Number of protein chains: 2
Amino acid sequence: MKRDSRLSSVLHALLHMAEHDGPMTSEALGLCLGTNPVVVRRTMGLLREAGLVAAARGHAGGWRISADLTTVSLRQLHEALGEPAIFAIGNRNETPDCLVEQAVNAALDHAFEEAEALLLERFAAVSLADLAVDFARRHAAWRAAQE
Amino acid sequence: MKRDSRLSSVLHALLHMAEHDGPMTSEALGLCLGTNPVVVRRTMGLLREAGLVAAARGHAGGWRISADLTTVSLRQLHEALGEPAIFAIGNRNETPDCLVEQAVNAALDHAFEEAEALLLERFAAVSLADLAVDFARRHAAWRAAQE
DNA sequence: CAATTTGAAACATATGAAGTTACATGAAAC
DNA sequence: GTTTCATGTAACTTCATATGTTTCAAATTG
């Protein structure tokens, strides 16, 4: 199963935007992410619809963050992306007639629901500002190591 | 992304086997699961390698459980299936040079590791015997509802 | 008007789970 | 011992879907 890496992508893009003065074009972001500008527009477009970023066309256009970094959590970004499926494992049949399969589904669903709740709770607890701080720490450590 | 439903499948198969006297053929299990006998053999073969089931060829052959239902947990089954990837969401690049992406990966990895640990813990706490009990309960309720 | 940039549709590629076909191997029945 | 039944396994096809690509319209700026 191919994994959905859009959450990772938009975080990467947003932090680059946060470190950058002025708007960044899809092409510039595509270079940072190692992907195509159209893929950037497609994914960032979902964040635009959620009001997290704004896009401007034409000369000096591009993408900029239109929200407070301290208030945007990973969970909000996950939601902005349309809450894609979290698990690569699932039930064979979600609405079985077979009582055996119903018992199996109930047990698996329960475990997955707990894990999902924990994951979303952790996502909600991390903001873009937290990531920016972590990046700054790594950057300082990297600069120190260059000496 | 297409979800891996093998854990769900083998649980369904194992509970039918537990309710059934004597070995069950791949064809019979395929009918229970709504799939092809070859798919059953392919998947059950992994459980055979883990020593959880045994297969006999020829007349009166088929699959039977070769372990104590109370000692086989969902986690053991997950392991027998080769510990397939749990999440449908992941990092774009697992070993990035970019410090921004490293910070992003660290945050996501941390959240996913916690959720994975919880899920596996829950899997470890549920045995086939537990599922058999739940099935029996559902079956009794169903019979009562038929009157 | 010309250059730049997003928006979006349409199509191509890649990956992996699941399904299918075909046949060899082994075990029991007769 | 031959027939029948069943697993073991390889090879191929199908299907879903994330990602990538091409193309062009629309909007904005110089």
Side-chain angles (χ1 to χ4, degrees), chain A residues 1-10 12-13 17 22-31 33-50 53-64 66 78 81-94, chain B residues 1-10 12-13 17 20 22-50 53-64 66 78 81-94:
Chain A
M1 178 179 283
K2 198 170 222 171
R3 283 173 146 178
D4 182 338
S5 61
R6 290 177 303 166
L7 181 57
S8 167
S9 289
V10 298
H12 190 176
M17 288 160 69
M24 288 184 75
T25 66
S26 301
E27 177 145 16
L29 288 172
L31 282 172
L33 304 189
T35 187
N36 192 295
V38 179
V39 174
V40 172
R41 283 199 280 276
R42 186 187 294 157
T43 312
M44 294 296 285
L46 297 171
L47 304 195
R48 174 172 42 81
E49 288 168 15
V53 299
R57 306 199 211 203
H59 283 272
W63 300 90
R64 64 181 177 77
S66 60
H78 174 66
L81 294 174
E83 305 193 51
I86 289 173
F87 296 106
I89 297 179
N91 294 328
R92 177 174 186 83
N93 177 352
E94 291 300 340
Chain B
M1 177 191 290
K2 199 170 221 170
R3 283 174 147 179
D4 181 339
S5 61
R6 290 177 303 165
L7 181 57
S8 167
S9 289
V10 298
H12 190 177
M17 288 160 69
H20 187 266
M24 287 185 75
T25 66
S26 301
E27 179 146 14
L29 288 172
L31 282 173
C32 289
L33 305 189
T35 186
N36 193 294
V38 179
V39 173
V40 172
R41 284 200 279 277
R42 186 189 292 156
T43 311
M44 294 295 286
L46 296 171
L47 303 194
R48 175 171 41 81
E49 288 169 15
V53 299
R57 306 200 211 201
H59 281 272
W63 300 90
R64 64 182 177 77
S66 60
H78 175 66
L81 294 174
E83 305 194 50
I86 290 172
F87 297 106
I89 297 179
N91 295 327
R92 177 174 187 82
N93 175 354
E94 290 300 341

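What you see is a predicted model, and the numbers here were worked out from it, not measured in a lab. Per chain, numbering begins at 1; letters A, B, ... match sequence-line order.
The CZ atom of B:R3 sits 16 Å away from the P atom of D:dA16 (whole-angstrom rounding). Atoms CZ (A:R92) and C1' (D:dC15) sit 14 Å apart, rounded to a whole Å. Distance, B:L47 CG to D:dT7 P: 14 Å, rounded to whole Å. The CG atom of A:L7 sits 16 Å away from the C1' atom of D:dT19 (whole-angstrom rounding). Rounded to whole Å, the distance from CD on A:E27 to P on D:dT21 is 13 Å. Rounded to an integer number of Å, the gap from CG of A:N36 to P of C:dT5 is 16 Å. Separating the CZ atom of A:F87 from the P atom of C:dG16 is a distance of 20 Å, rounded to the nearest angstrom. If you take CG of B:L29 and C1' of D:dA6, they are 13 Å apart, rounded to a whole angstrom.
Side-chain proximity of B:V39 to the nucleotides D:dT7, C:dA8, C:dT20 is greatest for C:dT20.
At the phosphate of C:dA18, OP1 or OP2 sits under 4.0 Å from a side-chain N or O atom of B:S5. Taking 4.0 angstrom as the limit, B:R41 places a side-chain polar atom (N or O) nearer than this to OP1 or OP2 of D:dT7. Residue A:S26 places none of its side-chain N or O atoms closer than 4.0 Å to OP1 or OP2 of C:dT5.
Here the straight-line distance linking atom CG of B:L33 with atom NE2 of B:H12 works out to 5.5 Å at 0.5 Å rounding. Separating the OG1 atom in A:T35 from the CG atom in B:N93 is a distance of 12.5 Å, to the nearest 0.5 Å. B:N36 contributes atom CG, which lies 12.5 Å from atom CG of B:L29 (distance to the nearest 0.5 angstrom). Summarising the geometry, atom CD belonging to A:E27 is positioned 9.0 Å from atom CZ belonging to A:R41; distances are rounded to the nearest 0.5 Å.
Between B:M24 and B:M44, the closest side-chain pair of non-hydrogen atoms is not below 4.5 Å. Between B:H78 and B:P84, some side-chain heavy-atom pair lies under the 4.5 Å cut-off. A:R6 has its side chain within reach of A:L46: a pair of non-hydrogen atoms, C-beta onward, lies under 4.5 Å apart.
For B:G45 against B:W63, the heavy-atom pair with the smallest separation is N-CH2, 3.9 Å. Listed here is the closest heavy atom pair of A:R92 and B:S8: N-OG, 3.1 Å.
Along DNA chain D, the nucleotide nearest to A:T35 and the one nearest to B:G45 differ in position, and the one closer to the 5' end is contacted by B:G45.
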Atom pairs under 3.5 Å: protein N/O with N/O of nucleotides 9-12 of chain C:
| unit_1 | atom_1 | unit_2 | atom_2 | d |
| --- | --- | --- | --- | --- |
| C:dA10 | N6 | A:R42 | NH2 | 3.4 |

Is there any protein nitrogen or oxygen under 3.5 Å from a nitrogen or oxygen in nucleotides 25-29 of chain D, and what are the pairs?
| unit_1 | atom_1 | unit_2 | atom_2 | d |
| --- | --- | --- | --- | --- |
| D:dA26 | N3 | A:R57 | NH1 | 3.2 |

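Proximity of a side-chain donor or acceptor of B:R48 to a complementary backbone N or O of B:A55 within less than 3.5 Å is not detected. A donor-acceptor pair under 3.5 Å links the side-chain atoms of B:T25 to the main chain of B:A28, judged by distance alone. In this structure, the side chain of A:S26 does not engage the main chain of A:V40 through any donor-acceptor pair within 3.5 Å.
From one end of the helix from C:dC1-D:dG30 to C:dC30-D:dG1 to the other, with five pairs defining each end axis, the axis direction shifts by 0° (rounded to 10°).
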